[in-house]
Amino acid sequence: MDYALYNHILISKINDAKQVNWQIVNLGLANVSEERINDQLDKMLLGLNRLFKYKNIKQVSLGYFRMLDIVKAGSMYHPTIHLLLPMMKSYVQGRYYIKKKDWLDMWARALNQASEDELAVSIIALNEKGDRTHQVHMMEEALAACAVFNSEECPEAASEPIPSRRWIAYSRLMKEQANQVAPLLHYDVEQFAIHDAIANHAFSMMRHWHAGLRMA
């Protein structure tokens with residue numbers, strides 16, 4: 001949850017400085033065997049780099065935060081790259097908008113994968129809709145939970161470790177902002193713009209992400 005809280009701060013600071021559109025995109029693979037998992041993870045990270053060089057994405061993206069989240073269910077692995085994306089101001093207003101099918105097609109091309117059967121893509125537009133009072137309470141409860149660490153909230157660790165990787169990364173605008181904000185050392189509510197509805201919406205999604213390998 002630390003990354004979700006830290007990114008909440010980054011989002012609110014960027015929102016104070018400029019007008020951007022925010023989006024979450026999840027890019028995944030399903031049903032990867034243990035024999036293939038390491039090769040497929042390498043392929044996903046290389047594919048992500050290739051993906052952000054495509055014109056459709058390069059011309060609208062202002063950077064990203066990405067997290068590699070791997071769920072093991074039974075004998076199979078289900079890796080997902082979660083992306084928090086600040087997009088250009090006019091992204092949703094015209095021809096620049098990228099539909100889910102286009103994300104899926106480009107993800108398959110970036111992976112050099114002919115079939116889309118085992119690919120998973122989801123898109124969440126972050127906006128100011130929703131119950132703001134509920135969102136503020138959610139933030140307050142999350143901060144209280146982090147201040148008093150609750151081990152029951154931690155995902156169960158998987159027994160087989162996967163070789164170390166860069167589980168998270170920041171680029172461009174997100175990296176620039178991260179370089180200006182110190183890591184979280186405490187969880188005082190005063191640090192957070194808890195009335196920023198977009199940051200709250202993003203947090204409600206990111207709080208369920210986990211960097212690394214976990215059991216279903």
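In terms of modelled atom types and a separation under 3.5 Å, the side chain of R66 and the main chain of L83 share no donor-acceptor contact.
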* **Residues L119, Q113; criterion side chain to side chain contact (heavy atoms under 4.5 Å, CB included); working and verdict** => CA-CA 9 Å; L119 301 186; Q113 188 158 322; 3.5 Å; yes

* Step by step, work out the side chain to side chain contact (heavy atoms under 4.5 Å, CB included) result for V20 and M88. => CA-CA 5 Å; V20 302; M88 61 187 282; over 6 Å; no

* Please walk me through it: do I98 and M106 pass side chain to side chain contact (heavy atoms under 4.5 Å, CB included)? -> CA-CA 10 Å; I98 304 171; M106 288 188 290; 3.7 Å; yes

* **Test log, rule side-chain hydrogen bond (donor to acceptor under 3.5 Å, both in side chains), inputs W22 and N127** => CA-CA 8 Å; W22 292 93; N127 53 52; over 6 Å; no

* To do: Kindly determine whether M206 and L5 satisfy side chain to side chain contact (heavy atoms under 4.5 Å, CB included), including the steps that lead there.
  => CA-CA 9 Å; M206 295 185 294; L5 289 170; over 6 Å; no

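The side-chain contact (heavy atoms from CB on, under 4.5 Å) search around E128 returns R132, A197, I198, not counting sequence neighbours.
Within the structure, no pair that satisfies the ring-ring contact (aromatic ring centres under 6.0 Å, His included) test touches residues 125-144, not counting sequence neighbours. Residue pairs meeting the salt bridge (charged side-chain N to carboxylate O under 4.0 Å, His left out) criterion with at least one member in residues 93-115, sequence neighbours excluded: K101-D105.
Here the side chains of M138 and I194 are not in contact, with every heavy-atom distance at 4.5 Å or above. Counting only heavy atoms from C-beta outward, the side chains of H8 and Y3 never approach each other to under 4.5 Å. Within the 4.5 Å cutoff, the side chain of I124 has heavy atoms near those of the M205 side chain. The closest side-chain heavy-atom distance from Y64 to L173 is not below 4.5 Å. Side-chain contact check for P86 versus M174: some heavy-atom pair is nearer than 4.5 Å. The side-chain heavy atoms of L29 and H78, taken from C-beta on, include no pair separated by under 4.5 Å. Using a 4.5 Å heavy-atom threshold, the side chains of P79 and Q40 count as separate. Between L85 and L62 the shortest side-chain heavy-atom distance does not fall below 4.5 Å.
Taking the six-membered ring where the residue is Trp, Y170 and F65 present tilted rings, their angle falling between 30° and 60°.
A chain of hydrophobic side-chain contacts below 4.5 Å, direct or via other Ile, Leu, Val, Met, Phe, Trp or Tyr residues, connects L45 to L213. M87 and Y96 fall within a single hydrophobic cluster, where Ile, Leu, Val, Met, Phe, Trp and Tyr are joined by side-chain heavy atoms under 4.5 Å apart, directly or via other members. By the criterion of side-chain heavy atoms lying less than 4.5 angstrom apart, applied directly or through intervening Ile, Leu, Val, Met, Phe, Trp or Tyr residues, L111 is grouped together with Y54 in one hydrophobic cluster. Linking ILVMFWY side-chain heavy atoms closer than 4.5 Å, directly or via other members, places W167 and L48 in a single hydrophobic cluster. Note on I123 and V92: same hydrophobic cluster, where clusters join Ile, Leu, Val, Met, Phe, Trp and Tyr whose side-chain heavy atoms are under 4.5 Å apart, directly or indirectly.
Atom NZ of K13 has 12 or fewer heavy atoms from other residues, nucleotides or ligands within 6.0 Å. Atom CD of Q19 is surrounded by 12 or fewer heavy atoms from other residues, nucleotides or ligands within 6.0 Å. Within 6.0 Å of the CG atom in N179, the count of heavy atoms belonging to other residues, nucleotides or ligands exceeds 12.
In this structure, CD1 in I37 is found 5.5 Å from CD1 in I70, a value given to the nearest 0.5 Å. Rounding to the nearest 0.5 Å gives a distance of 5.5 Å between OG of S61 and CZ of R172. For the atom pair Q180 CD and I9 CD1, the distance stands at 13.0 Å (nearest 0.5 Å). Separation of atoms CE (M139) and CZ (R207) is listed at 9.0 Å; rounding is to 0.5 Å. Note that CG of D2 is 10.5 Å distant from CG of N7, once rounded to the nearest 0.5 Å.
For the residue pair N26/S122, the side-chain donor-acceptor check at 3.5 Å is satisfied. Using modelled atom types and a 3.5 Å distance limit, the side chains of H82 and D69 yield a donor-acceptor pair.
Contact detail for A211 and I168: the closest heavy-atom pair is CB-CG2, 4.0 Å. Listed here is the closest heavy atom pair of A73 and A216: CB-CB, 3.9 Å. For the residue pair Q177 and I14, the shortest heavy atom distance occurs at OE1-CG1, 3.7 Å. In plain terms, the two heavy atoms of Y91 and Q23 that are nearest each other are OH-OE1, 3.4 Å. Nearest heavy-atom pair across D196 and S12 is OD2-CA, 3.3 Å. Here the shortest heavy-atom pairing between H201 and S204 reads O-OG, 2.6 Å.
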